Amino acid sequence: MILAILFTNTDGNILVERFHGVPAEERLHWRSFLVKLGADNLKGSKNEELLVASHKSVFVVYTMLGDVCIYVVGKDEYDELALAEVIFVITSSVKDVCGKPPTERLFLDHYGKICLCLDEIIWKGMLENTDKDRIRRLIRLKPPTDA
């Protein structure tokens, strides 16, 4: 299961978060852990360079995309390889929505569409869609047509 997806700015302020199957009392711990992990390791990393951490049976894959840090946390079948695929789909969708790797401002300008993308990519903690064209069609907010 994908336990969490977190987007932060370079200062560690949370821009978007999604938790699946994580009790409310544990969420603060996860937020602070992930932000500290990024602060310790993402400085000086290349754009879209994937970093991996693990603790017991939980895996974290995280990266920088423009001025935004992205963290994906998973367990069980979502090991570091599966999470790498998840984060690839997320980064390519965010770049597609924003037109380029986003600054914090550009990310927030497209906040609604990015949230829709996340909802189409991850559903109840499971990877749902990986095809960028299908995700783009699903977030158009237009009724489906017969043609």
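Only a predicted model underlies this, so the values are computations on that prediction, with no experimental measurement involved.
- For Asp131, there are no salt bridge (Lys or Arg N to Asp or Glu O under 4.0 Å) partners, not counting sequence neighbours.
- Nearest approach of Asn41 to Tyr62, heavy atoms of both residues: ND2-OH, 3.0 Å.
- Here Lys75 contributes atom NZ and Leu83 contributes atom CG; the two are 13.0 Å apart, rounded to the nearest 0.5 Å.
- Going from atom CD1 of Ile70 over to atom CG of Leu50 covers 10.0 Å, rounded to the nearest 0.5 Å.
- Counting heavy atoms from C-beta on, the side chains of Ser93 and Glu120 never come closer than 4.5 Å.
- Residues Ala82 and Glu77 share a closest heavy-atom pair of CB-O, 3.8 Å.
- In this structure, His55 places its NE2 atom where only 12 or fewer heavy-atom neighbours from other residues, nucleotides or ligands lie under 6.0 Å away.
- Taking the salt bridge (Lys or Arg N to Asp or Glu O under 4.0 Å) definition, one finds that Glu80 meets it with nothing, sequence neighbours left out.
- Checked against salt bridge (Lys or Arg N to Asp or Glu O under 4.0 Å), Lys36 has the following partners two or more places apart in sequence or in another chain: Asp40.
- The distance from atom CD1 of Ile2 to atom CG of Leu127, rounded to the nearest 0.5 Å, is 5.5 Å.
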Q) Taking it one step at a time, do Val73 and Leu34 satisfy side chain to side chain contact (heavy atoms under 4.5 Å, CB included)? A) CA-CA 9 Å; Val73 182; Leu34 293 172; 3.9 Å; yes

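- In this structure, Arg134 contributes its side chain and Asn129 its backbone to no donor-acceptor pair below 3.5 Å.
- Using cut-offs of 30° and 60° on the angle between ring planes, the pair Trp30 and Phe33 is perpendicular.
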Q: Output, in order, the C-alpha distance, side-chain angles, deciding distance and verdict of side chain to side chain contact (heavy atoms under 4.5 Å, CB included) for Arg140 and Leu138.
A: CA-CA 6 Å; Arg140 285 189 320 188; Leu138 290 169; over 6 Å; no

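- With values rounded to the nearest 0.5 angstrom, Arg31 atom CZ is found 6.0 Å from Leu28 atom CG.
- Grouping the Ile, Leu, Val, Met, Phe, Trp and Tyr side chains by contacts below 4.5 angstrom, directly or via other members, places Ile87 apart from Ile14.
- Side-chain contact check for Val94 versus Pro102: some heavy-atom pair is nearer than 4.5 Å.
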Q: Go through Ser45 and Leu42 one step at a time and tell me if the side chain to side chain contact (heavy atoms under 4.5 Å, CB included) criterion holds.
A: CA-CA 5 Å; Ser45 69; Leu42 284 173; 3.6 Å; yes

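- Transitive grouping of hydrophobic side chains (ILVMFWY, heavy atoms separated by less than 4.5 Å) brings Leu51 and Val60 into a common cluster.
- Put simply, the side chain of Asp11 never gets that close to the backbone of Asn13: no donor and acceptor are under 3.5 Å apart.
- For the atom pair NZ of Lys124 and NE2 of His20, the computed distance is 11.0 Å after rounding to the nearest 0.5 Å.
- Residue Thr10 comes nearest to Cys69 through the heavy atom pair CA-SG, 4.5 Å, listed as atom of the first residue, atom of the second, then distance.
- Salt-bridge formation is detected for the pair Lys95/Glu48: a Lys NZ or Arg NE/NH1/NH2 atom is positioned less than 4.0 Å from an Asp or Glu carboxylate oxygen.
- A donor-acceptor distance shorter than 3.5 angstrom exists from the side chain of Ser92 to the backbone of Val89, with no hydrogens or angles considered.
- Contact between Leu15 and Tyr111 at its shortest, heavy atoms only, is O-CE1, 3.5 Å.
- Of all non-hydrogen atoms in Cys117 and Val97, the two that sit nearest each other are SG-CG2, 3.6 Å.
- Atoms CD1 and CD1, on Ile139 and Ile114 in that order, are 9.0 Å from each other to the nearest 0.5 Å.
- Aromatic ring centres of Phe107 and Phe7: separated by under 6.0 Å.
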(Q) Please determine whether side chain to side chain contact (heavy atoms under 4.5 Å, CB included) holds for the pair Tyr71 and Thr8, giving the CA-CA distance in whole Å, both sets of side-chain angles, and the decisive distance to 0.1 Å. (A) CA-CA 8 Å; Tyr71 305 85; Thr8 68; 3.7 Å; yes

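- Here the shortest heavy-atom pairing between Glu17 and Leu6 reads CB-CD1, 3.2 Å.
- No continuous path of ILVMFWY side-chain contacts below 4.5 Å connects Ile122 to Val58, so the two sit in separate hydrophobic clusters.
- The side-chain heavy atoms of Met126 and Tyr78, taken from C-beta on, include a pair separated by under 4.5 Å.
- Both Ile5 and Leu108 are assigned to one and the same hydrophobic cluster, defined by single-linkage of ILVMFWY side chains at heavy-atom distances under 4.5 Å.
- In this structure, Phe88 places its CZ atom where only 12 or fewer heavy-atom neighbours from other residues, nucleotides or ligands lie under 6.0 Å away.
- The cluster map of Ile, Leu, Val, Met, Phe, Trp and Tyr, joined by side-chain heavy atoms under 4.5 Å apart, puts Met64 and Leu37 in the same cluster.
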